[in-house]
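Computed from heavy atoms alone, side chains included, the values below leave out hydrogens, waters and symmetry copies. Residue numbering restarts at 1 for every chain, and letters A, B, ... go by the order of the sequence lines.
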Amino acid sequence: MDTNKNSYTIVYAIIMVTVVALLLAFVSGALKDKQTENVELDKKKQILSALNVDLKGQDAEALYNQYIPQAIIVNSKGEVISEDKEAAFNIDIARELGKPEAERELPVYLAVVDGAPKYILSASGAGLWGPIWGYVAFNEDKNSVYGTYFNHAGETPGLGSEIAEKSFQSRFIGKKVMNADNLFTSIAIVKPGQTDHARDYVDGISGGTITSKGVEAMLENSIGQYEAFLKQTTVEGGTQ
Amino acid sequence: MSKLFSAKTREVFLGPLNKNNPVTVQVLGICSALAVTAKLEPSLVMGLSVIVIVAMANVIISLIRNTIPNRIRIIVQLVVVAALVTVVSEFLKAFAYDVSVQLSVYIGLIITNCILMGRLEAFAMSNKPWESFIDGIGNGIGYAWILVVVGFFRELLGSGTLLDYQVIPKAFYEMGYVNNGLMMMPPMALILVAVIIWVQRAKNKDLQEDK
């Protein structure tokens with residue numbers, strides 16, 4: 001057969017793309033459930049990681065149910081919209097941050113560690129090359145950080161990607177997001193050796209300045225959404 | 001066995017490991033060699049993925065080589081590579097989620113790896129499936145070992161770790177030893193590749209140009 005004829009070339013191209021499209025559609029369809037399951041399990045692992053839970057060789061699903069009995073959805077005024085644990089879990093924080101402020105639905109995971117309540121908030125932002133996200137667990141006072149988890153889609157290995165390391169994440173433990181006047185200040189990330197007098201700060205990553213700045217902005221924007229929710233209990237616990 | 005490994009197939013397999021190395025001699029795939037070698041682990045996984053994908057793509061192209069219309073052969077090759085990479089990445093997401101998260105963008109980067117297109121065009125289009133398979137494995141390993149060597153030195157000297165385990169003792173740091181930050185920067189990958197080329201050329205008279 002003459003493989004150089006125009007008609008042959010066109011028919012060949014049509015058959016090729018059809019076969020490949022069917023193959024890819026089949027593979028994607030067949031593996032979809034398995035992948036969604038993995039993504040959800042991974043999200044649970046990330047949330048647990050903000051509680052500094054050691055997941056090595058553990059059943060993450062069981063641990064998640066053990067540590068996090070309840071999750072709620074709040075709005076930017078701090079009012080509870082829903083107490084559906086599943087619904088809160090399925091919220092995509094990045095999409096919520098793109099909505100007008102009044103419509104945002106923000107998930108709060110209510111965890112219990114050694115009998116003490118912890119609040120895990122969800123965060124999302126941008127690094128140098130792509131999205132970054134994380135979870136921040138607060139102590140009962142809703143002010144000091146109990147633990148954090150950050151991850152990224154494609155930051156530079158060895159530099160920006162260090163935000164995914166526990167050695168960086170643990171720097172936030174005990175830092176406060178409110179100042180003495182009960183104003184939301186977030187937590188600054190400074191170049192190693194520098195200081196920030198106005199608020200609590202941690203050292204950034206050498207060589208990962210833009211990613212560090214991204215984490216700082218993410219905390220300010222995302223945790224800032226929860227400001228009303230965070231202050232609420234400070235009032236309840238403090239002045240009442 | 002003797003038929004499977006004739007002198008020619010042996011050459012096809014061993015050539016890319018040294019005298020015809022895709023990275024150091026043909027200077028292909030430099031972009032990814034530079035992007036993923038800051039740590040040893042991604043270098044290993046990237047090398048492994050490329051071995052698998054080059055070998056599979058080579059076999060598929062070799063099987064259909066007589067039917068491919070000449071004018072769209074590059075597009076056919078691209079479609080085969082892109083489909084393979086997508087399938088592999090879907091499988092990783094389903095069955096090895098942690099690895100796929102770690103590789104993130106790198107797995108997609110394989111599509112743009114010049115070694116793949118180079119091998120498909122230069123070898124698989126004119127050779128039988130078995131030889132093409134061996135050629136793919138050979139070139140994949142040729143690419144992988146350079147990545148691993150570069151990744152090894154960059155992680156060791158840049159972070160003081162190997163596969164994220166601390167290998168340079170704490171005592172060194174207390175005596176004033178500092179990790180070399182330059183090692184983490186992309187240019188250092190090129191310099192290390194150049195050093196490998198230097199050593200290789202010094203040892204192989206065949207590779208040296210006439211003065």
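For B:F153, the CZ atom is loosely surrounded, since the number of other residues' heavy atoms within 6.0 Å does not exceed 12. For B:Y173, the OH atom sits in a packed shell: over 12 heavy atoms of surrounding residues, nucleotides or ligands are nearer than 6.0 Å. Few gaps surround CD1 on B:I168; more than 12 heavy atoms of other groups in view lie less than 6.0 Å from it. Counting heavy atoms of neighbouring residues, nucleotides and ligands inside a 6.0 Å radius, atom CZ of B:F123 exceeds 12 of them. Annotation for B:F172: atom CZ does not count as buried by contact number, only 12 or fewer foreign heavy atoms lying within 6.0 Å. Atom NZ of A:K99 is surrounded by more than 12 heavy atoms from other residues, nucleotides or ligands within 6.0 Å. Taking a 6.0 Å sphere around NZ of A:K166, one finds it holds more than 12 heavy atoms contributed by other residues, nucleotides or ligands. Dense packing is recorded around CD of B:E121, with more than 12 heavy atoms of other residues, nucleotides or ligands lying under 6.0 Å away.
Heavy atoms closer than 4.5 Å to chain B are found in both the backbone and the side chain of A:V39. Residue contact with chain B, scored on non-hydrogen atoms closer than 4.5 Å, involves the backbone of A:K5 exclusively. For A:L23, the part lying near chain B is the side chain, with the backbone staying farther off; criterion is any non-hydrogen pair under 4.5 Å. Contact annotation for B:T161: neither backbone nor side-chain heavy atoms come within less than 4.5 Å of a heavy atom of chain A. The contact between B:V76 and chain A is made by backbone and side chain atoms together, counting heavy-atom distances below 4.5 Å.
Smallest separation of non-hydrogen atoms from B:A83 and A:L24: O-CD2, 3.8 Å. In terms of heavy-atom proximity, A:V27 sits nearest to B:F91 at CG1-CE1, 4.2 Å.
Interatomic distance, NZ of B:K93 versus OG1 of A:T36, reported as 11.0 Å (0.5 Å rounding). Distance check: A:S161 OG to B:M184 CE gives 7.5 Å after rounding to the nearest 0.5 Å. Atom CG of residue A:N6 and atom CZ of residue B:R71 lie 4.5 Å apart, to the nearest 0.5 angstrom. Distance check, rounded to the nearest 0.5 Å: CG of B:L92 to CG of A:N38 gives 11.0 Å. Distance check, rounded to the nearest 0.5 Å: OG1 of A:T9 to CD1 of B:I68 gives 11.5 Å.
Residues A:Y8 and B:T67 meet the side-chain proximity criterion, which asks for heavy atoms closer than 4.5 Å.
Interface summary for chain B: among A:K34, A:E37, A:Q35, the most heavy-atom pairs under 4.5 angstrom belong to A:Q35.
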